Amino acid sequence: MTNREVAEILAGVGARLQILDANRFRIIAFQNAAESIRNLAQDINQVDVAGKLLEIPGVGKGIADAIHELLSHGHYTEFDALYDQVPEGVVQMMAVPDMGPKKAKRLWEELGIDSVEALQAAAAAGSLRDLKGFGAKSEEKILKGIELLAKRSDTRTSIGVARPLAEAIVARLQEVVPAGTIERIEIAGSLRRWKETIGDVDILCVSHDPATVMEAFRTLPQVADVAGSGETKTSVILGNGLQVDLRVVERKHWGAALQYFTGSKEHNVEMRELALKQGWSLNEYGLTATGSGGAPEGEQRFFEEEADLYAFLGLAWVPPELRENRGEIQAARKDALPALITVADIRGELHGHTTWSDGTASVQEMGEAARTRGYAYWNVSDHSVGLGVVQGVDGERLRRQRAEIDAYNRWCQEQGYAFRLLQGSEVEILADGTLGLPDEVLATLDVVVASIHSAQRQDRETITARCLKAVYNPHVDILGHPTGRLIGSRPPTEIDVERVLQACAETRTAVEINASPERLDLNDVYARRAVELGCQIAINCDAHSVEGLVVLPYGVHMARRGWLTAASVLNTYPIDEMLALLKDGSGGAGAQ
DNA sequence: GCCGTTTTCGGCCCGACTGTTTTCAGTCG
């Protein structure tokens, strides 16, 4: 059973307990444990075998025993009973907007509705309005909700789609309202935390005239529907189904509001509990004294800046990317937060393509694009031959490519530019673990990236062994997009990430954070684990065009979510230091 | 059911918006 499967079962238990109206703290306990296991870098089976289930945050004696049973026997009697008691269809009904456990339960018990389809039919037939608490409006809302659900196969949107949309909305809002109406505006929520997928977009702003801002927001050309609109908060649905919330606050509330709307929910719960211990109740406006601390009950504190709120509670300001309740509050308390890597720290890249394989720009064009972005180096790493649809490089073509790269580098030198192209390859890790280029060819290259693009559905043992074989090759410097996932369209391969990372640490093979927003591979959790195990990281755009270089921030922010500092990332070092950090320490044949 | 810088027992975050409610419960983030 995988981490995801265990997490799903626990979440299913939580959902069923909700419908059965169980103790709400018990429900939260299952939800927390599920979330915690979903975010676990290590394989739950290995954690169980090591007897360390209790070390997982949110897992106590009861849930640990249940997990152990699940892993040993494939099921757990107590959970089976709950699953028998509440049908899956009723749980799925809760995915419909505005349909929570209370409503789902009543519809199920009083009308026998036990699936989304049955719910849709009943709402369409107008048979819900007879139920106390439901009316014609409720039916309408349910039908609309189900329609929305069907339109969006995945309920979360990739950051690569959402971020440009959100930035366009913010820019447009500032254009259409009279100058000075918007004093401050910022994207908050999971987008500010740079989560790989987001549920909805949250925008926060300060204005003396909220009504004007709300009106402008509701009438944006991208808006397909207004889901709700009050004095300080409006929710709209865009044409692609994405929900965007706008909240307007007073200037003096900005600090607390931005903190509140950035989340995560789990981080905020910790923050509010911490505030309570100090005698303050925290909400999106600020702090109110409870009377149990030093200040008299009802006394209020407001914060124009987020950092002031954190400081008042005795915490260092926590970068948004860390706000997932993964130890950041304890670290902020001890002033021990990491100095996170920034986009400006990146001095070059080690993985990208040209027209020698499936890129759209020439060696010179990519070199110029990288150089004018301020890079000091860029590794030409075209696919090796034999990769189906893609034209690739072999020993002969690499020799010809080397001449082109040398000519470009000589030109840079003549111009006095401190920039150099390196020559490498993204060599295919073939199905049996051998590489797409022979060792004697790899030995001539500066930086070798090895990746998997084929036979990705091999079983765990096979694909792990295949990957390890590549990692132990002395010429492989970097493992490219290690899990092969494409967010929203292809699940990760079955590889045993823990074992592969251990091997990478042992052999000094760097692991990639591929910055392309559909990959973001490694993700935050694995990247953090990789550094814990002693791995070096490389952050690369894997650009196939000049424009492909713009995705770098997605990779850097994913690294930040993984608590990474510049020191762990190879391509933050000057070229000579970077080459010296590679596996063989010489930088290959091309290094001077 | 989990957890501990007042606790191994007694806590466990907080407010906006909606619909159908004549005072509030349910949902959401």
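Because the structure is a prediction, the values reported are computed rather than measured. Each chain gets a letter, A, B and so on, in the order its sequence line appears, and its residues count up from 1.
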Chemist: Starting at atom CD of A:Glu266, determine the distance to atom C1' of B:dC14, rounded to an integer number of angstrom.
Modeler: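 Rounded to the whole Å, the gap is 15 Å.
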Chemist: Rounded to the Å, how far apart are A:Asp245 CG and B:dC28 C1'?
Modeler: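 Atom-to-atom, A:Asp245 to B:dC28, this comes out as 9 Å.
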Chemist: Phosphate oxygens OP1/OP2 of B:dC13: is one of them under 4.0 Å from a side-chain N or O of A:Arg272?
Modeler: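 Answer no for this pair, as no side-chain N or O of A:Arg272 is under 4.0 Å from OP1 or OP2.
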Chemist: For B:dT8, give its Watson-Crick or G-U wobble partner with both distances under 3.5 Å, or none.
Modeler: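 Looking at the geometry, B:dT8 pairs with no nucleotide.
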Chemist: Do A:Tyr260 and B:dG29 share a donor-acceptor pair, side chain to base, under 3.5 Å?
Modeler: yes
Chemist: Please evaluate residues A:Arg192 and A:Thr262 with respect to the criterion side chain to side chain donor-acceptor pair (under 3.5 Å), reporting the C-alpha separation (whole Å), side-chain torsions for both, the decisive distance (0.1 Å), and the verdict.
Modeler: CA-CA 7 Å; A:Arg192 183 165 178 244; A:Thr262 297; 2.8 Å; yes
Chemist: Identify which nucleotide among B:dC12, B:dA16, B:dC2 has an atom closest to any side-chain atom of A:Glu284, counting heavy atoms from C-beta outward.
Modeler: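 Nearest to the side-chain atoms of A:Glu284, counting from C-beta on, is B:dA16.
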Chemist: It should be established whether A:Ser229 places a side-chain nitrogen or oxygen under 4.0 Å from OP1 or OP2 of nucleotide B:dC17.
Modeler: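 The answer is no; no side-chain N or O of A:Ser229 sits under 4.0 Å from OP1 or OP2.
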Chemist: Taking the minimum atom-to-atom distance to the side chain of A:Phe25, which one of B:dG1, B:dG19, B:dG29 wins?
Modeler: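 Shortest atom-to-atom distance from the side chain points to B:dG1.
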Chemist: So if I take every side-chain heavy atom of A:Thr232 and compare against B:dC14, B:dA16, B:dC12, which nucleotide ends up nearest?
Modeler: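 Selected nucleotide (nearest to the side chain): B:dA16.
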Chemist: Considering only side-chain heavy atoms of A:Asp98, which listed nucleotide, B:dC28, B:dC14, B:dG15, is closest?
Modeler: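 Ranking B:dC28, B:dC14, B:dG15 by closest atom to the A:Asp98 side chain puts B:dC28 first.
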Chemist: Just say parallel, tilted or perpendicular for the rings of A:Tyr554 and A:Trp194, cut-offs at 30° and 60°.
Modeler: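 A:Tyr554 vs A:Trp194 ring planes: perpendicular.
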Chemist: At 4.0 Å (heavy atoms only), tell me whether A:Ala136 reaches a base, stays on the sugar-phosphate, or touches nothing.
Modeler: sugar-phosphate
Chemist: Answer yes if the ring centres of A:Phe302 and A:Tyr285 are under 6.0 angstrom apart, and no otherwise.
Modeler: no
Chemist: For A:Phe312, is the NZ or CZ atom of A:Arg301 found under 6.0 angstrom from the centre of its six-membered ring and inside 45 degrees of the ring axis?
Modeler: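 No cation-pi geometry.
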Chemist: Closest to the A:Lys141 side chain: B:dT27, B:dT18, B:dG29?
Modeler: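 My answer, after comparing the listed nucleotides, is B:dT18.
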Chemist: Should A:Ser138 be listed as having a side-chain N or O under 4.0 Å from OP1 or OP2 of B:dT20?
Modeler: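 For B:dT20, OP1 or OP2 has a side-chain N or O of A:Ser138 closer than 4.0 Å.
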Chemist: Given B:dG15, B:dG1, B:dG29, which nucleotide is nearest the side-chain atoms of A:Asn283?
Modeler: B:dG15
Chemist: Can you find a side-chain donor-acceptor pair between A:Asp209 and A:Thr181 that sits under 3.5 Å?
Modeler: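 No.
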Chemist: Out of B:dC2, B:dA16, B:dG19, which has the shortest distance to the side chain of A:Ala29?
Modeler: B:dC2
